Amino acid sequence: MSTEDRAKATAKNIEGKAQAAMGEVTGDPEDKAAGKAKQAEAKAQHAKEDVKDKAKQMVDNA
């Protein structure tokens, strides 16, 4: 697991939540959509790290 990659994904998620919230407050659908997209990207990055962790764990236990 790369702690740095997880931290970047978490930061992107927080940024996306803030952007989506700002879009909600201002009524800007583009900001809201961009924020949601960043959140989805962060979720995918976390999933990728989970797969890498699981693969490493399987190799280590073999």
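Heavy atoms only: backbone and side chains are in, while hydrogens, waters and symmetry mates are out. As the structure is a prediction and not an experimental result, all values here were calculated from the model.
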Original post:
Does D28 have any side-chain contact (heavy atoms from CB on, under 4.5 Å) partners at least two apart in sequence or in another chain, and if so, which?
Top reply: T26, E30, D31

**OP:** Look at the side chain of N61 and the backbone N and O of Q57, then say whether any donor-acceptor pair between them is shorter than 3.5 Å.
**Re:** yes

For residues 35-43, which side-chain N or O atoms pair as donor and acceptor with protein atoms under 3.5 Å away, sequence neighbours left out?
from, atom 1, to, atom 2, distance (Å)
K38, NZ, E15, OE2, 2.7
K38, NZ, Q19, OE1, 2.9
Q39, NE2, G16, O, 3.4

Subject >> D53/R6 salt bridge by N-O under 4.0 Å criterion >> reply: yes

**OP:** Please name all residues satisfying side-chain hydrogen bond (donor to acceptor under 3.5 Å, both in side chains) with D60, sequence neighbours left out, ordered by chain then number.
**Re:** K56

Subject >> Qualifying residues under salt bridge (Lys or Arg N to Asp or Glu O under 4.0 Å), relative to E4, sequence neighbours excluded >> reply: K8

**OP:** For the residue pair D5 and H46, establish whether any side-chain heavy-atom pair is separated by less than 4.5 Å.
**Re:** no

Original post:
Quick one: does E24's side chain have a donor or acceptor within less than 3.5 Å of a partner on K32's backbone?
Top reply: no

